[in-house]
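Step one of this worksheet: look at the structure below.
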Amino acid sequence: MATDTLKSRPGASGGLRRLLLDNGALTALVVLVIAMSALSGDFLTADNLLNVGVQAAVTAILAFGVTFVIVSAGIDLSVGSVAALSATVLAWSATEAGVPVALAVVLAVVTGVVCGLVNGFLVSYGKLPPFIATLAMLSVGRGLSLVISQGSPIAFPDSVSHLGDTLGGWLPVPVLVMVVMGLITALVLGRTYIGRSMYAIGGNEEAARLSGLRVKRQKLAIYALSGLFAAAAGIVLAARLSSAQPQAAQGYELDAIAAVVIGGASLAGGTGKASGTLIGALILAVLRNGLNLLSVSAFWQQVVIGVVIALAVLLDTVRRKAGATPVAAGTAPGGKGRQAATYVLAAVVAVAVVGATSLLHGGNSTGKERKVGLSLSTLNNPFFVQIRAGAEQEAEKRGVDLTVTDAQNDASQQANQLQNFTSEGLGAIVVNPVDSDAAGPAVRSANKADIPVIAVDRGVGKADTAALVASDNVEGGRLGARALAEKLGGKGTIVILQGQAGTSASRERGAGFAEGLRAYPGIEVVAKQPADFDRTKGLDVMTNLLQAHPDIDGVFAENDEMALGAIKALGTKAGRSVQVVGFDGTPDGLKAVEAGTLYASVAQVPKELGRIAVDNALRAADGKRVEELVKVPVKVVTKENVAGFGG
């Protein structure tokens, strides 16, 4: 693959075929850049290319740390959780604990290193497989992050938030951090004793031990380095979002591993380089950025990225069968000069072809004022699917090109999508924030580009929005409390199924319910547990709670999906001895209300939210006046009035 230095065995074919095989990831990156430039006139702009760099930064920094582990034939699944934990420690220390910011940064870095040392100890001295040891740390790190933050984002110190800014108004600091960490990785791998030890351990651990290497101590250092890089990535990510998110970087460990593998490292150990890891991270960033610009469905994007990872490994297999033998970094004669020449040649080819294809897009920006971007927090929930449906209906009616993206409840991914919308120069942007504060920096970029932004369902913090189209979640919580309490006659025991920790919807609905319940002192809340707005988790959590509280009288779930899971767990009790109240008024929820298993749902009108949001976006794009707050009323729907509810 791209960045291994290779020796060709006798009989191996040469020329262009050899060049392409020996530099597969670099070839793939060049082809991707050329293809995206040809397909989208918005890709090859200075702002968008900088966006690609910013979007690759966190993954690349994590992947640099993972490179050390994979080169030594290990694996680290905990880097995403360690990143979130380190950022949370920094934010909590500097704000809640009043620790000086410099010391808080040190504490964050130490947190990452300690997590890495624990991983290394479990692998080296505890004899646990790396997969199991780091999987355990993944869970521990995420849990500690939630415990420290109490499930809510913590504002990041301003002095550290500058890491998410730009130098000179154009050069992103995350890109500079990525480059610095990449150079450190290259130095460690190619110029230090521990770097040579990594290759030796990955090539043959027993031989390395017999040759005098202290393998156990080396592994401690290797995993500590991975934790250090994870801490750096967490700080950069939180600085970019202006807040430490307890649920940040979920799944990033898989992206980091993918970047390392795409870049030419073998999971069997013994090969891998910093430059290859960087190329792998850039490939993932270019793919996501380009597919956003081309309005490819978020679901298909996951498919495409999975196919790319599979093809990368397949190309590595083809290369080896074709006669290339990977050699550890720095051991091939003339390897550095040949690699530098390869990179220069790739750059020249890319610039020449991209320059030619860019001519195809001259004057291609006409009509962009009739294009609107919609970034939803998730499409894995019927409520937000209905918002999309309402938005698409309004867009089709008005003859508007609507691009919909799915942030998958990842504030960082949503920031990337909003930046892509801004680079594309859309007429307006509609955003349903994963987290209100975390969406602020990206929305401020749209403000600078004079692109009106409409917030839907949740507001945006520390940024200007032309309008907020929303239901009142707090009022909905109050109405849910009143409906459940009155159904129970003002007394009884209940449990609460909470939404995803850190989301504004969960906080607001929970706060409204608690406020409404104060009027009914005879109602006792015996348990609260998060089920992440998910039906399956609602079923599991409710099943567990029933073991401890079999005689409860009621359940309040912060959305209908969890309520439907609770109904499944309750079985015949639902709607009879146990009353369940949900939230959202989704089609499945309303069917359950009609059937009598769900007593009530605090119904929003999500399709109307989507329709009104697009209407306001177009009005703002045309320079017309829009209301700053557009409230769509909520309503308690029970069996008595469900037939007349228009949804």
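- Under the side chain to side chain contact (heavy atoms under 4.5 Å, CB included) criterion, Asp534 pairs with Thr536, Lys537, sequence neighbours left out.
- In this structure, a donor-acceptor pair under 3.5 Å is absent between the side chains of Asn48 and Asp42.
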Would you mind writing out the side-chain donor-acceptor pairs for residues 449-458 within the sub-3.5 Å range, not counting sequence neighbours?
residue	atom	partner	partner atom	Å
Arg458	NH1	Pro433	O	2.7

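- The side chain to side chain contact (heavy atoms under 4.5 Å, CB included) check on Leu254 picks up nothing, with sequence neighbours excluded.
- Sequence neighbours left out, the pairs with a member in residues 550-578 that pass salt bridge (Lys or Arg N to Asp or Glu O under 4.0 Å) are Arg535-Glu561.
- Identified under the ring-ring contact (aromatic ring centres under 6.0 Å, His included) test for residues 539-571, with sequence neighbours left out: Phe513-Phe556.
- Partners of Ser436 under the side-chain hydrogen bond (donor to acceptor under 3.5 Å, both in side chains) rule, at least two apart in sequence or in another chain, do not exist in this structure.
- Under the side chain to side chain contact (heavy atoms under 4.5 Å, CB included) criterion, Arg619 pairs with Asp615, Lys624, Val626, not counting sequence neighbours.
- Once rounded to the nearest 0.5 Å, the distance linking CD of Gln414 with OG1 of Thr405 reads 7.0 Å.
- Among residue pairs with one or both ends in residues 248-258, those qualifying as side-chain hydrogen bond (donor to acceptor under 3.5 Å, both in side chains) are Gln247-Gln250, Tyr252-Asp410, Tyr252-Ser412, Asp255-Arg288; sequence neighbours excluded.
- For the residue pair Gln386 and Asp584, no side-chain donor N or O sits within less than 3.5 Å of a side-chain acceptor on the partner.
- When only modelled atom types and interatomic distance are considered, Asn432 and Ser377 share a side-chain donor-acceptor pair under 3.5 Å.
- Every side chain to side chain contact (heavy atoms under 4.5 Å, CB included) that Ile148 has, sequence neighbours left out, goes to Leu85, Thr88, Val89, Trp92.
- Residues satisfying the ring pair (Phe, Tyr, Trp, His ring centres under 6.0 Å) criterion with Phe583, sequence neighbours excluded, are absent altogether.
- Counting only N and O atoms by type, the side chains of Asn416 and Arg240 include a donor and acceptor under 3.5 Å apart.
- Within the structure, no pair that satisfies the salt bridge (Lys or Arg N to Asp or Glu O under 4.0 Å) test touches residues 136-150, not counting sequence neighbours.
- Leu564 has its side chain within reach of Asp588: a pair of non-hydrogen atoms, C-beta onward, lies under 4.5 Å apart.
- In this structure, Glu508 contributes its side chain and Asn473 its backbone to no donor-acceptor pair below 3.5 Å.
- Residues Gln579 and Leu484 form a side-chain contact, since some pair of their non-hydrogen atoms from C-beta on lies under 4.5 Å apart.
- With a 4.5 Å cut-off on side-chain heavy atoms, Leu293 and Met36 do not count as touching.
- For Glu640, the side-chain hydrogen bond (donor to acceptor under 3.5 Å, both in side chains) partners at least two apart in sequence or on another chain are Thr638.
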